[in-house]
Every structure is written in structure tokens, then in C-alpha cells.
Amino acid sequence: MKPSIPKGTRDFSPSQVIKRNYIFDTIRQVFVKYGYQPIETPAMENLSSLTGKYGDEGDKLLFKVLNNGEYLNKSDATAFAEKDSAKFTQSVSKRGLRYDLTVPFARYVVMNQNDINFPFKRYQIQPVWRADRPQKGRYQEFYQCDADVVGSDSLMLEAELAQIYDEVFTNLGINVTIKINNRKVLFGMADAAGVADKFINMTTAIDKLDKIGMEGVTKELANRGIEPFAIKKIQEMLSVTTLKPLKDFFKNSKTGLKGIEELEEFHKYFDSKPATNTLEFDSTLARGLSYYTGCIFEVKANDVVMGSIGGGGRYDDLTGNFGLKGVSGVGVSFGAARIFDVMEELNLFPENIAVQLKCLLVAFDKPSHEYAFSVLNQLRTVGISAELYPEPAKMGKQMKYANARAVPFVIVIGSDEMNSGKLALKNMTTGEQEKYTLTELLTKLK
RNA sequence: GUGAUUGUAGCUCAGUUGGUUAGAGCGCUGGUUUGUGGUUCCAGAGGCCGCGGGUUCGAAUCCCGUCUUUCACCCCA
């Protein structure tokens, strides 16, 4: 059979894994520095924990796991006959693959609430799965790196999370714009335009502004049943790029004013430290996930065309779904695969991270091969990453291997070297070769 | 889910209006070189032309289906 992997999934070669780990390590270091603790959750969740959390669209993109055993005996024959896929699926699948890290985290918090010290700051770096059509920067299996806090309403946390974005992308060398908005501000706009009942319709329409332009948004708003005078008002508000003028619009919207207040509070904290990247208020930023209630974030790379490489926000009552009311959460997410693609495109990975093997030993014949193995052990004992070509093959072949592995040094051992105790050390970058005793080598390669 | 698009050697790709034995570069193996890679030259191995069906005397080439790739929409990291 011809080997293949499911669509939207990928294998990772050694160099790719090394690069990916570089991204993970950079992110993890910052998370740890800001006091976040690691957790992990299973790849599979009960389907009931996942469905209904991501909207109708999200439900369609959930991977379901078929029940084991004679599942057809317990299947819903009526639903099958009526071709009701959703209902039939329920009867043959009780588990699904995790769709993001936030919902499993909410579930975790509720299940472990007695052992958790609130406010609880956790980070999580694990793969998630979505049955989406793959395209640029979009896969069916990809890693997310999340940092969330539950159990505090303080806007200091929003500021801290924005700082985390700034610091991580600075460390990775990616130039980004961090966009911020507040769901309450969006609601205020709907309120001020007199279309509070069409809040969701309005936000999904204006979220597309950067893609379809103001004209497209106008059409979209009209299609979604918003009256022309309301559209005009919305347009006026969208043209505003600072917070102050919005206050006038929101005179009669309590929620809207609260949103402004939250953003101002955020800035009190965030502005105390200069940021490397740009943070900008974007009144058109909406974000689809229905559970956000306060500040929302999105990060875009400046120098490359790519969907957002990070997003997050405040959700006042996420754990409510699992029976724990009144606990607020706020978090950010990094899309590792997209960050990888951006860094690859902009050539931002440091040169030396792929070089892990320091030295390769090559031998000419059986006796020197055995001798070389003892040299190898001594190199490894002092912590030098070294390898011996497994058999005394032709020099050309062994050197070719060394070259392909991009080893900086090769130690050549034959009968001369064995007898004299002076080993030939070849520098693979310069091509120079000199003889050293073993003790000299140990200090030289350290 | 909607609309396009792709699939030929390990990799990147040629392959004429359907015509006999499907090619190239790189890589690989061996030699040139009995102790030296990233530079030469020579030789060789390697293909159910994505898969299944159909049209035809004849299909890599045309038609249908299916899977896959890439892209846009939807949505999203």
C-alpha cells in the first residue's frame, strides 16, 4: 500500500521539530516568567463537554470518535432513517477530539476546583483538532499555546497578557501589531445605533472590514437586516480610532461606557512599560468565539500575509457551562503552526539551533573502530554530543555522512592515530585538520 | 459546507492534436581515488503516470467517480 497521512496533518522532520521546540521554549519561558503553571488535558473529551461551546459552525468542525464495540446495537435507527446526521452521531459517538485548549481548561477548573488556589494561572501547549478544509496556515491538527487566568476580574491581567504577547514576539523576532477591543464597546455601538438586538449580526459584519472594505460592510449590514440610519451611525463610530469620541456616542449606553472604562483601566497598567510592538485599539475587531465578554485581542504579523497568529480575551462566565458560576477568566493563545510559517517565510530561525551533534568519529578498520568507541565514550562522559559511524566504511562515505549531518567536527582514527595516541581533528567548516591527544580534544570540544 | 485547483522516479518538474520502449535536473548506488566531505568526470539502479471505472484498435493524455494538494468563501490559530 502507498503510505499516506490524513489531509490537513503533517509529519515533522528533525529540523522542523527542533524549530518548533524553539518556538515552544521561547513561549514557555515567558509564560513561566509571568507565573503561569503547566497543565495537560486528554486529547479526547466527552462530546458533551465540547458541543455547543463553539457555535453551530464549531460543532460542525468537531472531530468525533466512533464508539467501540457493537455500537450499531445502540444507534438511533430513527435518526438514521431520517438522515439526521447530528442526532445519529450522538448515538454512536460519545467522545471527540479537543477543539481548543480553553474549554478543556474550563472543564479542568470545575473538576478540580477544590484543589485549585484561585486566582489560577495556567499555561498549556498541546495539539488541537478541527475538521476544517485545509488552506494556507490552516491545518486539521495544530498546536496551540495558551495562557489563561481564572478567578480574577482585574484588568491588570489583560495588561499582563498583552505584555506576554509583546515579549514573546520580540524574543522570536517577529514584528507584530497587537489589536485590542472590548465586546462591551461593540455592544455599545449596537446600542447607540439602536440595534442591540442584532448585536451578533452587526459584529460578524464589521469583523470583515479589513477584508471587504466599508462598502462591503455596508452591504453586509443591510443584508443582515440593519436599517440605513443605523448603518450610518455605525459607520461614524467605526471611523473613530481613539476612545474619547466614542464616549459621546455611548452617552445612553451603560455597557458601552463600561467597555471604554475597561480599556482605559487596561491602559493604566499596560502603558507603564514601553512595548516593542504596536498595540492599537481596533473598533472593528470582533472575534467569533461567542464566549468572550470583555477585552478581546488579536495579533497579526506585520511583514507577511497570514491570518492572525494569536488571539484571546475575557470571558466572564466560561466555567458556568460546567456548573461553576461567577468565575471570570481571561487568556491568550498562540498559533504555533502559523508562527512557524511566518518565521520560515521571514527566515527568522537562528542558524545554530539545528546543530546538535558536536562531533563525529570515523574509523578506517576494525581495530581502530573498537578503539574509537572507547574515545566516543570518553567524549560522552564529559557531556560532548558525539557519534561514531557504526562501521569502518569507506572514508568518502563516512565524510559524506558527516557533511549531511552538518557536524562541525570530525575525529579521524586509523592505525597511526591509535598507535601514537594523537587523534586527527578535522574542522568541517574550514577543512583544516590537526592532531591532538585525547585530553586536549576533551577540552577543545567542551 | 460552497466554488476552483493539483497529482508522472526519493525530491523538483517536462511529456506535442490520444500512437509504439514515459524523460531531465537534483538525490541515491558503484567507479574515477587501497586514509578524507561540501568541486569534476563515467556508469547504474529506481515509475500500477494518485486510486477505481468508462470511451477507444490504442489512454499519463479524453469522460465519470473517489481520495489528495493548493487557494478563495464560510469560519478561524
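Just so we're on the same page: letters track the sequence lines, and every chain starts at 1. Since this is a predicted model, take the numbers as computed values, not measurements.
A:Ile174 places a side-chain heavy atom less than 4.5 Å from the side chain of A:Ile339. The shortest distance between side-chain heavy atoms of A:Gln398 and A:Lys394 does not fall below 4.5 Å.
Comparing the P positions of B:C26 and B:A43 gives a spacing of 13 Å, expressed to the nearest Å. Straight-line distance between the P atoms of B:C73 and B:G27: roughly 40 Å, to the nearest whole Å. Comparing the same atom, C1', in B:G50 and in B:U61 gives a spacing of 16 Å after rounding to whole Å. B:G23 and B:U8 have their C1' atoms separated by 10 Å, with the value rounded to a whole Å. Comparing B:G38 with B:U34, their C1' atoms are spaced 24 Å from each other, to the whole Å. Comparing the same atom, C1', in B:U6 and in B:C67 gives a spacing of 12 Å after rounding to whole Å.
When the C1' atom of B:G38 is taken as reference, atom NZ of A:Lys400 falls 10 Å away, rounded to whole Å. Residue A:Phe334 contributes atom CZ, which lies 13 Å from atom P of B:A77 at whole-angstrom precision. Atom NZ of A:Lys397 is separated from atom P of B:G30 by 5 Å (rounded to the nearest Å). The nearest whole Å value for the distance from the NZ atom in A:Lys7 to the C1' atom in B:G7 is 16 Å. Atom CD in A:Gln398 sits roughly 17 Å away from atom C1' in B:U29 (whole-Å rounding). Nucleotide B:U36 holds its C1' atom 13 Å from the CG atom of A:Leu425, rounded to whole Å. We find that CG of A:Leu101 is positioned 11 Å from C1' of B:A77, with the value rounded to whole Å. Taking atom CG of residue A:Asn403 and atom C1' of nucleotide B:U39, one finds them 12 Å apart after rounding to whole Å.
A:Gly8 comes within 4.0 angstrom of the backbone, heavy atoms only, and of no base. Residue A:Gly58 is classed as having no contact, given no heavy-atom separation below 4.0 Å to the nucleic acid. Nucleic acid contact for A:Tyr143: none, since no nucleic acid atom lies under 4.0 Å from a heavy atom of the residue. Counting any heavy atom pair closer than 4.0 Å across all strands shown, A:Ser308 reaches sugar-phosphate atoms only and no base atom. Residue A:Thr429 is in base contact, counting any heavy-atom pair closer than 4.0 Å across all strands shown.
Applying the salt bridge (charged side-chain N to carboxylate O under 4.0 Å, His left out) test to pairs two or more places apart or on separate chains, those with a residue in residues 293-307 of chain A are A:Arg287-A:Glu298.
Scored by the side-chain contact (heavy atoms from CB on, under 4.5 Å) test, A:Phe364 finds A:Ser368, A:Met395, A:Val412 as partners (sequence neighbours excluded). In this structure A:Lys60 satisfies the side-chain contact (heavy atoms from CB on, under 4.5 Å) test together with A:Glu57, sequence neighbours excluded.
For the pair A:Arg20 and A:Phe12, the cation-pi criterion (under 6.0 Å, within 45° of the ring axis) is fulfilled. In this structure, A:Lys53 is positioned above the aromatic face of A:Phe322, its NZ or CZ under 6.0 Å from the six-membered ring centre and within 45° of the axis.
Residue A:Lys394 places at least one side-chain N or O closer than 4.0 Å to OP1 or OP2 of B:G31.
Using a 4.0 Å cut-off between a side-chain N of Lys or Arg and a carboxylate O of Asp or Glu, A:Glu220 and A:Lys208 qualify as a salt bridge. At a threshold of 4.0 Å, the pair A:Glu82-A:Lys87 does not count as salt-bridged, since none of the basic side-chain nitrogens sits closer than that to a carboxylate oxygen. At a threshold of 4.0 Å, the pair A:Glu141-A:Arg130 does not count as salt-bridged, since none of the basic side-chain nitrogens sits closer than that to a carboxylate oxygen.
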Between the protein and nucleotides 33-35 of chain B, which nitrogen or oxygen pairs are less than 3.5 angstrom apart?
residue	atom	partner	partner atom	Å
B:G35	O6	A:Asp416	OD1	3.3
B:G35	O6	A:Asp416	OD2	3.0
B:G35	N1	A:Glu417	OE1	3.2
B:G35	N1	A:Glu417	OE2	3.3
B:G35	N2	A:Glu417	OE2	2.8

Polar atom pairs between nucleotides 71-73 of chain B and protein, under 3.5 Å, N or O only, would you list them?
residue	atom	partner	partner atom	Å
B:C71	OP2	A:Lys136	N	2.6
B:A72	OP2	A:Gln135	OE1	2.7

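Stem regions for RNA chain B, each three or more consecutive Watson-Crick or G-U pairs with both distances under 3.5 Å and listed by first number, read B:1-4 with B:70-73, B:10-13 with B:23-26, B:28-31 with B:41-44, B:50-54 with B:62-66.
Side-chain contact of A:Arg224 with A:Thr204: a donor-acceptor pair under 3.5 Å is present, judged by distance alone.
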Checking A:Val217 against A:Ile234 for the side chain to side chain contact (heavy atoms under 4.5 Å, CB included) test, could you report, in this order, the C-alpha distance in whole Å, the side-chain angles of both residues, the deciding distance, and whether it holds?
CA-CA 10 Å; A:Val217 170; A:Ile234 292 168; over 6 Å; no

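No donor-acceptor distance shorter than 3.5 angstrom exists from the side chain of A:Ser49 to the backbone of A:Glu45, with no hydrogens or angles considered.
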